[in-house]
Amino acid sequence: MTGDGGRSFDFDVRESPLEVVATSPVVVTGTIASWEPGVDAYDDEDAQRWAILAVDVDQAYVRAPGVHGAKVFVRVLRGYEVVGPDGSPTREPGAPSSVLTVDELEQAAPPGVRIAVMGTTASRAPHADDPTWRHENVNAGLPGGAVVTQPDVQGLILEDESGDLVSGVIDDDPATWGPGWRPSAAGSAARGSTAFDWLTAQLDDAT
């Protein structure tokens with residue numbers, strides 16, 4: 001779901017949702033409410049474009065500090081581009097952008113899709129602690145008083161049309177991460193009718 005620059009990178013795979021929950025103060029399940037353009041961040045060579053994903057919260061676990069008005073607001077990288085001194089992309093004229101549009105994100109994950117979010121609260125400005133980065137539209141997509149949730153690499157899990165779990169941050173499906181991310185036939189029958197129901201049961205057990 002993320003644009004170029006957020007799809008493939010090295011990370012330490014956690015073997016189950018329980019391991020992600022252990023390091024995530026924000027843990028919620030719910031449904032996608034909307035997508036909005038978020039902040040744009042620039043340094044001397046790159047521009048990162050972000051979106052804000054609003055999630056209607058059905059269940060909040062742990063302390064869930066990111067919940068605001070029964071929603072959490074998740075920061076999603078739409079992609080990045082190499083830019084020149086004036087901040088405009090340096091790609092060849094007519095070349096496609098590497099940045100996903102908000103409409104493309106909404107088509108990939110439309111309102112109503114069930115989703116689990118595991119992560120932490122973050123600054124409204126990515127790279128806020130680095131003075132070499134500049135920001136535009138810092139408050140875009142966020143109501144007053146809301147905080148941004150930065151999902152864990154394995155902490156944005158959606159239910160696809162077939163009922164399977166898919167990752168919203170990296171290309172790998174949760175089923176490839178290890179047996180702890182795959183509901184057993186017995187567990188699914190006992191705890192819920194879909195893989196997402198199994199996941200919510202795992203979160204119940206973890207919290």
Side-chain angles (χ1 to χ4, degrees), residues 1-3 6-8 11-36 51-78 100 102 104-121 148-207:
M1 196 166 63
T2 58
R7 289 179 178 271
S8 299
F11 66 102
D12 294 326
V13 176
R14 266 74 64 80
E15 292 300 317
S16 75
L18 282 66
E19 292 186 20
V20 180
V21 169
T23 59
S24 299
V26 179
V27 181
V28 303
T29 54
T31 55
I32 291 176
S34 63
W35 289 94
E36 299 291 342
I52 295 294
L53 164 62
V55 175
D56 286 322
V57 175
D58 293 331
Q59 178 68 46
Y61 305 85
V62 200
R63 297 183 305 279
V67 178
H68 176 84
K71 286 183 168 63
V72 294
F73 297 89
V74 182
R75 184 163 65 197
V76 176
L77 180 64
R78 295 195 287 130
L100 296 176
V102 172
E104 288 172 319
L105 288 171
E106 188 169 295
Q107 290 173 13
V113 167
R114 292 203 289 180
I115 187 170
V117 180
M118 295 168 272
T120 188
T121 57
V148 176
T149 293
Q150 176 66 52
D152 184 272
V153 175
Q154 291 175 257
L156 198 62
I157 308 298
L158 301 92
E159 181 179 47
D160 70 9
E161 293 179 349
S162 65
D164 291 331
L165 302 178
V166 294
S167 171
V169 178
I170 57 176
D171 286 338
D172 295 323
D173 291 338
T176 71
W177 292 340
W181 290 90
R182 290 192 294 269
S184 66
S188 296
R191 303 298 294 275
S193 58
T194 69
F196 195 89
D197 294 328
W198 169 87
L199 176 61
T200 59
Q202 294 293 298
L203 300 182
D204 281 330
D205 290 344
T207 57

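All residue numbers refer to positions in the sequence shown, counting from 1. A quick note: this is a predicted structure, and the numbers were derived from the prediction, not measured.
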Enquirer: Considering all heavy atoms of both residues, which atom of Thr120 and which atom of Pro25 are nearest to each other, and what is their separation?
Expert: OG1-CG, 3.6 Å

Enquirer: Return the CG to CD1 distance between Leu156 and Ile115, rounded to the nearest 0.5 Å.
Expert: 4.0 Å

Enquirer: Search all heavy atoms of Pro151 against all heavy atoms of Val169 and return the closest pair with its distance.
Expert: CG-CG2, 4.3 Å

Enquirer: Please report the shortest heavy-atom distance between Ala195 and Gly163, naming the atom on each side.
Expert: CB-O, 3.6 Å

Enquirer: As a quick check of understanding, evaluate side-chain contact (heavy atoms from CB on, under 4.5 Å) for Val28 and Thr149, giving each step before the final call.
Expert: CA-CA 11 Å; Val28 303; Thr149 293; over 6 Å; no

Enquirer: Report the distance from atom CZ of Arg78 to atom CD1 of Ile52, rounding to the nearest 0.5 Å.
Expert: 10.5 Å

Enquirer: Where do Val113 and Phe196 land on the side-chain contact (heavy atoms from CB on, under 4.5 Å) test, with the steps shown first?
Expert: CA-CA 11 Å; Val113 167; Phe196 195 89; over 6 Å; no

Enquirer: What are the two closest non-hydrogen atoms of Trp35 and Ala109, and how far apart are they?
Expert: NE1-O, 2.9 Å

Enquirer: Using a 3.5 Å distance criterion without hydrogens, assess whether the side chain of Gln154 forms a donor-acceptor pair with backbone atoms of Arg14.
Expert: yes

Enquirer: Compare all side-chain heavy atoms of Arg182 with those of Pro174 and state whether any distance is below 4.5 angstrom.
Expert: no

Enquirer: Rounded to the nearest 0.5 Å, what's the gap from CG on Leu203 to CD1 on Ile157? Could you check?
Expert: 9.5 Å

Enquirer: So, taking the atom named OG1 in Thr29 and the one named CZ in Arg114, what distance separates them when rounded to the nearest 0.5 Å?
Expert: 9.0 Å

Enquirer: Where do Pro17 and Gly180 come nearest, in terms of heavy atoms and distance?
Expert: CD-O, 3.3 Å

Enquirer: Would you mind writing out the side-chain donor-acceptor pairs for residues 65-75 within the sub-3.5 Å range, not counting sequence neighbours?
Expert:
from  : atom 1 : to     : atom 2 : distance (Å)
His68 : NE2    : Gly144 : O      : 3.3
Lys71 : NZ     : Asp56  : OD1    : 3.0
Arg75 : NE     : Gln150 : OE1    : 2.9
Arg75 : NH1    : Ser123 : O      : 2.7
Arg75 : NH2    : Gln150 : OE1    : 3.0

Enquirer: Quick one: pull up OG1 in Thr200 and CD in Gln59 and give me the separation to the nearest 0.5 Å.
Expert: 9.0 Å

Enquirer: Of all heavy-atom pairs between Asp152 and Ser24, which one has the smallest distance, and what is that distance?
Expert: CB-OG, 4.5 Å

Enquirer: Got a sec, which residues hit salt bridge (Lys or Arg N to Asp or Glu O under 4.0 Å) with Glu19, two or more places apart in sequence or on another chain?
Expert: none

Enquirer: What verdict does the side-chain contact (heavy atoms from CB on, under 4.5 Å) test give for Asp204 and Tyr61, after you've listed the backbone C-alpha separation in whole Å, the side-chain angles of each residue and the deciding distance to 0.1 Å?
Expert: CA-CA 8 Å; Asp204 281 330; Tyr61 305 85; 3.1 Å; yes

Enquirer: Run the side chain to side chain donor-acceptor pair (under 3.5 Å) test against Asp173 and tell me which residues pass, sequence neighbours left out.
Expert: none

Enquirer: Roughly how far apart are Leu53 CG and Glu106 CD, rounded to 0.5 Å?
Expert: 10.5 Å

